[in-house]
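I have placed the structure first, in the form of structure tokens, so that the comments after it can refer back to it.
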There are 2 protein chains.
Amino acid sequence: MKRIADSTVRRLSLYLRFLEDFEKRGIGTISSDELAARGGTTSAQVRKDLSFFGSFGKRGLGYSVAELAARLRQILGLEREWQVIIIGAGKIGAALAQYHGFAQRGFRIVAVYDSDPAKVGRSVDGLVIQALDSLPDEVKHQPADIAVLAVPATSAQEVADMVVKAGIRAILNFAPHQLQVPDTVAVKAVNMAMELEGLSFALTNG
Amino acid sequence: MKRIADSTVRRLSLYLRFLEDFEKRGIGTISSDELAARGGTTSAQVRKDLSFFGSFGKRGLGYSVAELAARLRQILGLEREWQVIIIGAGKIGAALAQYHGFAQRGFRIVAVYDSDPAKVGRSVDGLVIQALDSLPDEVKHQPADIAVLAVPATSAQEVADMVVKAGIRAILNFAPHQLQVPDTVAVKAVNMAMELEGLSFALTNG
DNA sequence: ATGAACTTGTGAATTTCTTCACAAGTTATC
DNA sequence: GATAACTTGTGAAGAAATTCACAAGTTCAT
Ligand SMILES: NC(=O)c1ccc[n+]([C@@H]2O[C@H](COP(=O)([O-])OP(=O)(O)OC[C@H]3O[C@@H](n4cnc5c(N)ncnc54)[C@H](O)[C@@H]3O)[C@@H](O)[C@H]2O)c1
Ligand SMILES: NC(=O)c1ccc[n+]([C@@H]2O[C@H](COP(=O)([O-])OP(=O)(O)OC[C@H]3O[C@@H](n4cnc5c(N)ncnc54)[C@H](O)[C@@H]3O)[C@@H](O)[C@H]2O)c1
């Protein structure tokens, strides 16, 4: 199978969100044009993105909202539940642990870790904070799919190394540090400072 | 001036972070190769990115770390301080307000707004939460450059409309909703669900 | 001075991504 | 069942981003 571009995957994720919206409003079918208008893209782009995976529409009519949503969930791997652990129970880690929007989308937060003895044992949103040291054993016992890193930038690399060693193959990194991991591990970074700097650039050179 | 790609700006932001790191460690000059290794890119990419703005290096030697950092700050518009307001003093809004990493990079949080009367008047990290209604007047009085939206997705569009009307021309959106704004307004979105779905895709099709 | 070892800056080549444009298929109407 | 009005799926074209490759410049050792 041809390599799928990151930008395509991001758009699929967007399309799915729109489709769920249409589904909720009881709309049965939708055209690539309507889907494109919502996402700030073009109908050709929508059709091309979908064409990598098959043909899901009906000429003259458009796409069945329910059917396309189901296919996108399948493509994105959202038909199963993913086990997520959060490392770093600080401000951002706690906010994430308390956010129920992820569970709704099939990302179940199963554990929260921290290295600070003062935090271990407390709970966040019903989850008892575990000692970081216990991670390798815990993960052996109850495997996790995705690790969310919400630790200071200075600890991010060592925590990532530990997580990779424990066999976890996907990381969502909030620390402003470029992680070095084997290329069998998928990493996505949420870098807010970078987004702000992008806005700064736009305001300066707009 | 030629339009600069978003991907280029993101990389400049990365380079700047590495340079600051090198600066701290007392390293005086650096080659495009070393800079590239850090960011997971290539030396040609680094040089091309920089070439859009001028030539800052010395052949045979590389770049002066301090000088290049200064030029990047200038290019990105980071020589001044930007006034940032946060709208929505919930879990994520509060985490952001309490985070001092932004101020360090020149993004000064000057106000926090919320529509919930129970929250208005309380403070977060020394800032008193203001009523959303007061935003237009407050902004007239003390202009803000960037609005961070940390409100539920259902309110995001109306809040964005209000912010745009108040004259703010840059938005960082945390709500999982595609904002419609005039193209004079810069928008960046932090969409964590999308990142997680990207990881789900990678794990499924890896 | 000279040569060896580096490194930048940049056109050109290549690869990747997006848009165009249209045949082919569907539905609705009369 | 003929016609009009849509819409998909997809090669081909076009645009954009990345990588190549090398002339030109710098430093250092001898
Ligand atoms: N808070 C924000 O709004 C925000 C915004 C952007 C980026 N970030 C980044 O997110 C990360 C966390 O930020 P925060 O504001 O939540 O910080 P924080 O200080 O509130 O929390 C960090 C937590 O990580 C724990 N920790 C430290 N080292 C650890 C280790 N080796 N293993 C496990 N846990 C460890 C600490 O005990 C603490 O509980 C930082 O890298 C920060 O730069 C935060
Ligand atoms: N918390 C997270 O980790 C997280 C992660 C990803 C995305 N998000 C998104 O960020 C946004 C905020 O999430 P949260 O967890 O902080 O929610 P929250 O419910 O804790 O906070 C939302 C806040 O916004 C305020 N608010 C509601 N409507 C408003 C309006 N019209 N104007 C001003 N304020 C208003 C509420 O009073 C509340 O204080 C949501 O869109 C959520 O989907 C949050």
Side-chain angles (χ1 to χ4, degrees), chain A residues 1-15 18-19 22 27-72 75 183 194 198 201 205, chain B residues 1-15 18-19 22 27-72 75 183 198 201-202 205:
Chain A
M1 191 221 238
K2 204 173 163 291
R3 211 199 128 261
I4 302 298
D6 204 66
S7 49
T8 296
V9 178
R10 300 181 73 84
R11 282 192 300 266
L12 293 180
S13 192
L14 259 188
Y15 302 155
F18 300 148
L19 287 169
F22 286 124
I27 294 166
T29 62
I30 194 181
S31 69
S32 58
D33 229 358
E34 294 168 285
L35 207 43
R38 276 303 210 81
T41 179
T42 65
S43 62
Q45 181 75 79
V46 170
R47 295 200 302 277
K48 182 64 83 181
D49 285 339
L50 297 177
S51 77
F52 295 126
F53 303 97
S55 59
F56 312 127
K58 266 208 172 54
R59 290 169 190 228
L61 186 58
Y63 301 87
S64 150
V65 170
E67 200 184 305
L68 185 55
R71 299 306 290 268
L72 287 181
I75 291 165
D183 60 6
M194 186 185 279
F201 179 83
N205 308 271
Chain B
M1 191 221 241
K2 204 173 163 287
R3 210 199 128 263
I4 302 298
D6 204 64
S7 48
T8 296
V9 178
R10 300 180 72 82
R11 281 192 300 266
L12 293 181
S13 193
L14 260 188
Y15 302 155
F18 301 147
L19 288 169
F22 287 123
I27 295 168
T29 60
I30 193 183
S31 71
S32 57
D33 230 357
E34 293 169 286
L35 208 42
R38 277 302 211 82
T41 179
T42 65
S43 62
Q45 181 76 80
V46 171
R47 295 199 303 275
K48 182 65 82 179
D49 285 339
L50 297 176
S51 77
F52 294 127
F53 302 96
S55 57
F56 312 127
K58 268 209 168 57
R59 291 170 188 227
L61 186 58
Y63 302 89
S64 148
V65 170
E67 200 184 305
L68 185 55
R71 299 306 289 269
L72 287 181
I75 290 164
D183 60 6
F201 179 83
N205 307 272

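Every chain is numbered from 1, with letters handed out A, B, ... down the list of sequences.
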- Message: Using the salt bridge (Lys or Arg N to Asp or Glu O under 4.0 Å) criterion, which residues pair with B:Asp33? Sequence neighbours excluded.
- Response: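 Residues passing salt bridge (Lys or Arg N to Asp or Glu O under 4.0 Å) with B:Asp33: none at all.
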- Item | With A:Arg47 via salt bridge (Lys or Arg N to Asp or Glu O under 4.0 Å) - residues at least two apart |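 Residues passing salt bridge (Lys or Arg N to Asp or Glu O under 4.0 Å) with A:Arg47: none at all.
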- Query: In residues 58-66 of chain B, what residues come within less than 4.0 Å of DNA chain C, judged by heavy atoms?
  - Reply: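 Within residues 58-66 of chain B, the residues near DNA chain C are B:Lys58, B:Arg59, B:Gly60, B:Leu61, B:Gly62, B:Tyr63.
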- Task: Please work out which residues in residues 40-50 of chain B have a non-hydrogen atom less than 4.0 Å from an atom of DNA chain C and list them by number.
- Result: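 Within this stretch, B:Arg47, B:Lys48 sit under 4.0 Å of the strand.
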- Message: What is the distance, to the nearest angstrom, from the CG atom on B:Asp6 to the C1' atom on D:dT18?
- Response: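 B:Asp6 atom CG is separated from D:dT18 atom C1' by 16 Å.
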Identify, with sequence neighbours excluded, every residue that meets side-chain contact (heavy atoms from CB on, under 4.5 Å) alongside [X].
X       : answer
B:Ser51 : B:Lys48
B:Ala37 : none
B:Thr42 : B:Ala44, B:Gln45

With a 3.5 Å cut-off and sequence neighbours excluded, list the donor-acceptor pairs that the side chains of residues 58-71 of chain B form with protein atoms.
from    : atom 1 : to      : atom 2 : distance (Å)
B:Ser64 : OG     : B:Glu67 : N      : 3.1
B:Arg71 : NE     : B:Gln74 : OE1    : 3.3

- Item | Boundaries of the chain A footprint along DNA chain C (any atom under 4.0 Å from a heavy atom) |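 So the contact region on DNA chain C extends C:dC17 to C:dT26.
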- OG1/A:Thr41 to CG/A:Leu14 distance, rounded to the nearest 0.5 angstrom?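 Going from the OG1 atom of A:Thr41 to the CG atom of A:Leu14 covers 9.5 Å.
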- Under the side chain to side chain donor-acceptor pair (under 3.5 Å) test, residues paired with A:Arg10 that sit two or more places apart: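 Only B:Glu195 meet the side chain to side chain donor-acceptor pair (under 3.5 Å) criterion with A:Arg10.
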- Task: With sequence neighbours excluded, tell me which residues meet side chain to side chain donor-acceptor pair (under 3.5 Å) with B:Ser31.
- Result: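 With neighbours one apart ignored, the set is B:Glu34.
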- Message: Using a 4.0 Å cut-off on heavy atoms, which residues in residues 31-39 of chain B reach DNA chain D? List them by number, or say none.
- Response: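 Residues of residues 31-39 of chain B under 4.0 Å from DNA chain D: none.
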- Grab the two heavy atoms, one from A:Phe201 and one from B:Ile75, that are nearest each other, plus how far apart they are.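 The answer is CD1-O, 3.3 Å.
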